[in-house]
Amino acid sequence: MRLITNVIIVVAIGLVLGGASAWYSIRQNHGLGGIEAGPWTAWPFAGGADSDPYTTAKVSRDGTIPLGATEGLAFEAMTDNQGEPLTFKCDYAISGITPPSKLWTIAVYSNDGQVVQPTKGNRSALSSSKLLRFPDGSFRISVSRKPQSGNWLSVSGEGNFYFVLRVYDTPVTSTSGQVNPQMPNIIRQDCAA
Amino acid sequence: MKWRVFYLLSLGLILAGLIHISIVLLIPKLGTRDAWAFLSNRTDLFAFTRLKPEESGSAITEVDPFFTYGVCRFELSEAPLKMEGPLTTTFWSASVFDENGSVIYSLNNRTAIDNKLDLLIVNPLQTLELQEAQPEDVESSVVIEAGIERGFVIIRVLEPDNSWVTDSDAFFSEIKCARYDYS
């Protein structure tokens, strides 16, 4: 009797801790195998043949097609600069600069990996080619359910979302030692009650 | 009693470690949302297929809305793959994947020879055959020697807005993905 209890306790500890830690370590915004810049995380080796098992598991679980090193690099942000999860209840401002690249795009995704539906006639994704910039080359993008002046990412929905900023044809991936990429800040603005 | 708790806890932790490692290692093998399992059911060998990620039931997530995608699946044990595309002004990039979804080679229109998509993917044995045959039609090709049997090439083409759809349609319609014959 005592043996059975012992076995049950050991198996329970193993399953709960092992399962939870495995799930946690391949969750989208966990930094294992990634490089971080503020709220952004990128997996520069997601596509590589020598990618680590955590990154491989993450790519497989997410069902994404990773970008090759010559193609570009995808940065994900699931939180704002304060570390708070991104929610549709709040407006956000994305401002700053991006790593040097030929072009970049930013899109809003819901947690199932699909692009968030914008309000009718608008876009929930922006590309660098159609961006309004300040004279110094930096930019500010408003993320809101209501129309905004300037660059506006239109979103609608419930719950949480995340951003993916992809830089294409960028020296960031080819520079040895992975220079710290400069990424824009994500600052929370007004929130609906 | 104290020792029993300690003993059980450490056994549990060891088991947890084993389970953790096996889950992480098994997910790519057993994953049902795997993009690669999805692709091989939907596409033919040596045929260029446009991907429609917006289709329902697609396992491919996190697609860039500014890009359109196409895939070419190959099996080197059958024949080498020759891939060609026309000259275009839009940004495009291509990645060669093995069947586990690892990128073994990637290029974009700036790094390609004459900005043209022209790839020849061979396995080590075919490299030798190629050196012997020295065919002229692959002189301008990027030759990729890959120690794999099966894989995919994914082409991404930038489509900044709807007015570019005709351009990328034309580009995609001219992409060739075919078995290569030395003789």
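In what follows, every heavy atom counts, from backbone to side chain, and hydrogens, waters and symmetry copies are set aside. Each chain gets a letter, A, B and so on, in the order its sequence line appears, and its residues count up from 1.
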Handout entry: Spatial distance of atom CZ (R4(B)) from atom CZ (R2(A)) [nearest 0.5 Å]
Key =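 Here the interatomic distance stands at 4.5 Å.
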
Practice task
First locate atom CG of N108(B), then atom CD of E71(A), and finally report the distance between them rounded to the nearest 0.5 Å.
Solution key: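 Between atom CG of N108(B) and atom CD of E71(A) there are 8.0 Å.
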
Exercise for the section: Answer with side chain, backbone, both or neither: which region of I9(A) has an atom nearer than 4.5 Å to a non-hydrogen atom of chain B? Expected result: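 Side chain of I9(A) only, per the 4.5 Å heavy-atom cut-off to chain B.
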
Handout entry: Contacting region of V7(A) [heavy-atom separation from chain B under 4.5 Å]
Key =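 Neither part, no heavy atoms under 4.5 Å.
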
Practice task
With a 4.5 Å heavy-atom cut-off (strictly below), which parts of residues 114-123 of chain B touch chain A? List them by number.
Solution key: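 So far as heavy atoms go, nothing in residues 114-123 of chain B approaches chain A to under 4.5 Å.
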
Handout entry: Toward chain A: residues of residues 165-175 of chain B with heavy atoms under 4.5 Å
Key =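 Residues qualifying by a heavy atom under 4.5 Å from chain A are absent, so none.
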
Practice task
Please tell me if the side chains of F66(B) and L103(A) come closer than 4.5 Å, counting only heavy atoms from C-beta onward.
Solution key: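 They are not in contact (no side-chain heavy atoms under 4.5 Å apart), so the answer is no.
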
Handout entry: Derivation of the side-chain contact (heavy atoms from CB on, under 4.5 Å) call for I13(A) and L15(B)
Key = CA-CA 8 Å; I13(A) 294 175; L15(B) 187 66; over 6 Å; no

Problem - When A107(A), A74(A), A12(A), G14(A) are compared by non-hydrogen pairs under 4.5 Å with chain B, the top option - result: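 The answer is G14(A).
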
Side-chain donor-acceptor pairs of residues 154-161 of chain A under 3.5 Å, sequence neighbours excluded:
unit_1  : atom_1 : unit_2  : atom_2 : d
S154(A) : OG     : T119(A) : N      : 2.9
S154(A) : OG     : T119(A) : OG1    : 2.6
S156(A) : OG     : Q117(A) : O      : 2.8

Handout entry: chain B contact residues among residues 129-143 of chain A, heavy-atom distance under 4.5 Å
Key =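 Residues S129(A), K130(A) are the ones that qualify, each having a heavy atom under 4.5 Å from chain B.
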
Exercise for the section: Give a yes or no answer on whether the side chain of S106(B) reaches the backbone of T70(A) with a donor-acceptor pair at less than 3.5 Å. Expected result: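 Yes.
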
Problem - Between L9(B), L8(B), L158(B), the one whose heavy-atom pairs under 4.5 Å with chain A are most numerous - result: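 The residue among L9(B), L8(B), L158(B) with the greatest pair count is L8(B).
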
